[in-house]
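Let me begin by presenting the structure, written as structure tokens, before commenting on it.
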Amino acid sequence: MLDAKLLRTNLDAVTQNLARRGFTLDSAGLDALESERKTLQLKVEELRNQRKTRSKSIGQAKAKGEDIAPLRAEVETLGDELKETENRYEENQANLRAIMLSLPNLLQDTVPDGENEDDNVEVRRVGDVPTFDFKPLDHVEIGEKLNTLDFEAAVKLTGSRFVVLKGSLARLHRALSQLMLDVHTEQHGYTEAYVPYIVNDKTLLGTGQLPKFEEDLFKLHHDQDFYLIPTAEVPLTNLVAHSIVEADQLPLKFTAHTPCFRSEAGSYGRDIRGMIRQHQFDKVEMVQIVRPEDSVSALEELTGHAEAILRILELPYRVMALCAGDVGASAARTYDLEVWLPAQNTYREISSCSNCEGFQARRMGARWRNPETGKPEPLHTLNGSGLAVGRAMVAVLENGQQADGSVRLPAALWPYMAGIKVLRG
RNA sequence: GGAGAGGUGGCUGAGUGGUCGAAAGCGCUCCCCUGCUAAGGGAGUAAGGGUUAAAAGCCCUUCGAGGGUUCGAAUCCCUCCUUCUCCGCCA
């Protein structure tokens, strides 16, 4: 959510900024709603004030034993007018709120121009792309040879876009998430958290998945509005919802390994094959809660933390600065990490690291007490994958494959694999 | 799932349908006193919003959430959420 005051005082600048995303803000309509708001709010408050003072005078008259009947009759009509004005005010508020909740975040000036992912800007490239003296297989074929990847079983159990891992790949999947968690908690200063995988609608509103992106979520049949989490960003970031954090507590850094559930409603044609795009996948997530003045550098740091995992896994990757048209609605700036996948002969997204500034904080009511002003102010939130576990496994398999169908594992994984250094069928 | 008792400010905890945004205590901040320490005295101490160029001031809202009764609700009624105790069930 954007700062309502900014919208009132600087609507043109907001409109221009959002236009970079390709988002058209109906500034005239918003302006009209806003002036209506002002009128109605003043009226409502005036009427409430009258009712309050007169009701008090009734109380006083009663205490003195005077006749209160005429006073009561006077205030009664006031109530009707108040009710009517309040109704109009509430309707206005609901309209304004709906618009406010649907506006995306303002972009930082450093975000490159562009319409879609083709316009993203490569920031750096790390690691050497492996060369093979045979035609590299994709992870599906590798998994079949290892006899550990079973999509048919998943179809039987559930349907498409799920997977069953067995034996060494199930172990590898677990090893990867353990490694990531250990690095973030032991080397990067994150506090590990275990969180609910089901959250309510208010929590999803806080981080910005609702109300606009409900079709991407799995909703439960339940008497409350419960959803499966699409990312641990949701529960982790909302840990500070409706609270005021003392300055000396910042920054807060949380990490969690969770499954993520996405209906991916808008992507039925894409990545049909393999584990790249699933309804359920595991991810180790990092979240930072920081002072506003620290968020720009915190994004660099957090992105570095995700990169560290790729380096440890000896995977070649590149860092992309998302362009204006590709930055998610809650973010002010985003880096994607893309890992090299030999079978696709390209880099594919494996992490997304975003600075959401005060956007989520305002939705969540998450503030810190600024020592300079003594007042509670919105804090800044950041999140990033560190990393998507399934895609990391795909990358390890494809980059480590050998001519005989075996897979060489990076040394960092050996302790987590009971000493196994090479996967064989 | 069944029965019962609660949810009040940073915390503990009073609260009569009317002057209650709310006693008191703790904590915190500032000041005074005390030659250190300890103790004592005084003042202050919620959040959100509006009005304003901004501030001051003034006003509105908030006692778990949402409805209702009433001229007036922390207080009465209804629904929901949640915490605790006992029973049942279960990992």
Exercise. Should S352(A) and E349(A) count as side-chain neighbours, where that means a heavy-atom distance under 4.5 Å?
Worked result: yes
Exercise. Taking for each residue the nucleotide of RNA chain B bearing the nearest heavy atom, is the 5' side occupied by R367(A) or by N49(A)?
Worked result: R367(A)
For this session: Using whole Å, report how far NZ of K56(A) lies from P of C20(B).
Result: 8 Å
For this session: Measure the distance from NZ on K52(A) to C1' on U19(B) and round it to the nearest whole Å.
Result: 11 Å
For this session: Rounded to whole angstrom, note down the P distance from G13(B) over to G66(B).
Result: 24 Å
For this session: Applying side chain to side chain contact (heavy atoms under 4.5 Å, CB included), run through V327(A) and L107(A) and close with a yes or a no.
Result: CA-CA 8 Å; V327(A) 171; L107(A) 294 171; 3.9 Å; yes
Exercise. Considering only the P atoms, how many Å lie between G27(B) and A39(B), rounded to the nearest integer?
Worked result: 10 Å
Problem set entry | Length of the NE2-P vector between H242(A) and U82(B), whole Å | 15 Å
Seminar exercise, completed: Closest to the 5' end of RNA chain B, once I244(A) and R72(A) are matched to their nearest nucleotides, is I244(A)
Exercise. If you measure from the P atom in G88(B) to the same atom in A3(B), how many Å do you get, rounded?
Worked result: 16 Å
Problem set entry | Any T381(A) side-chain heavy atom under 4.5 Å of M364(A) side chain | yes
Exercise. Out of G48(B), G50(B), C71(B), which nucleotide sits closest to the side chain of Q41(A)?
Worked result: G50(B)
Exercise. Got a salt bridge between D225(A) and K202(A), using NZ or NE/NH1/NH2 to carboxylate O under 4.0 Å?
Worked result: no
Seminar exercise, completed: To the nearest angstrom, the CG-C1' distance between L6(A) and A53(B) comes to 16 Å
Exercise. Between C20(B) and G6(B), how far is it from one P atom to the other, in whole Å?
Worked result: 26 Å
Exercise. In whole angstroms, how far is the P atom of G49(B) from the CZ atom of R48(A)?
Worked result: 16 Å
Problem set entry | Lys/Arg-Asp/Glu bridge criterion (N-O < 4.0 Å) met for E215(A), R262(A) | no
Exercise. Got Q280(A) and F162(A) here, is their nearest side-chain heavy-atom distance under 4.5 Å?
Worked result: yes
For this session: Check the distance between G50(B)'s P and L42(A)'s CG and give it to me in whole angstrom.
Result: 11 Å
For this session: Could you tell me whether R20(A) and D113(A) have a side-chain N and a carboxylate O separated by less than 4.0 Å?
Result: yes
Exercise. Among G18(B), G48(B), G50(B), which nucleotide sits nearest the side chain of I58(A)?
Worked result: G18(B)
Exercise. Out of R348(A), Q278(A), Q344(A), which residue meets the side-chain hydrogen bond (donor to acceptor under 3.5 Å, both in side chains) rule with D271(A)?
Worked result: R348(A)
Problem set entry | Sub-6.0 Å ring centroid separation between F226(A) and H221(A) | no
Exercise. Got Q288(A) and F254(A) here, is their nearest side-chain heavy-atom distance under 4.5 Å?
Worked result: no
Are there any protein N/O atoms within less than 3.5 Å of an N/O atom in nucleotides 15-17 of chain B, and if so, which ones and at what distance?
none

Seminar exercise, completed: Atom CZ of R51(A) and atom P of C60(B) are separated, to the nearest Å, by 10 Å
Problem set entry | Gap in Å between the two P atoms, one belonging to C76(B) and one to A5(B), rounded | 14 Å
Problem set entry | Interface residues of residues 81-95 of chain A with RNA chain B (non-hydrogen, below 4.0 angstrom) | none
Problem set entry | C11(B) to U70(B) separation - C1' atoms, rounded to the nearest Å | 35 Å
For this session: Please determine if D326(A) and R21(A) form a salt bridge, counting it only when a charged side-chain N lies under 4.0 Å from a carboxylate O.
Result: no
Problem set entry | Rounded distance in Å between the C1' positions of U8(B) and A46(B) | 12 Å
For this session: Return the value, rounded to whole Å, for the distance between atom CG of D201(A) and atom C1' of C81(B).
Result: 12 Å
Problem set entry | P-based separation of A65(B) from G10(B) [nearest Å] | 13 Å
Exercise. Would you say a side-chain N or O of K38(A) is under 4.0 Å from OP1 or OP2 of G50(B)?
Worked result: no
Problem set entry | N or O in side chain of R369(A) less than 4.0 angstrom from A46(B) OP1/OP2 | no
For this session: Determine whether the aromatic ring centres of H257(A) and Y194(A) lie less than 6.0 Å apart.
Result: no
Seminar exercise, completed: Annotated structure of RNA chain B as dot-bracket, pair cut-off 3.5 Å, Watson-Crick or G-U only, | for inter-strand, is ((((((((.[[[..)..(.....]]]((((((.......))))))((((((.....)))))).[[[[[..)....]]]]])))))))....
Exercise. With a 4.5 Å limit on heavy-atom distance, are the side chains of D294(A) and P251(A) in contact?
Worked result: no
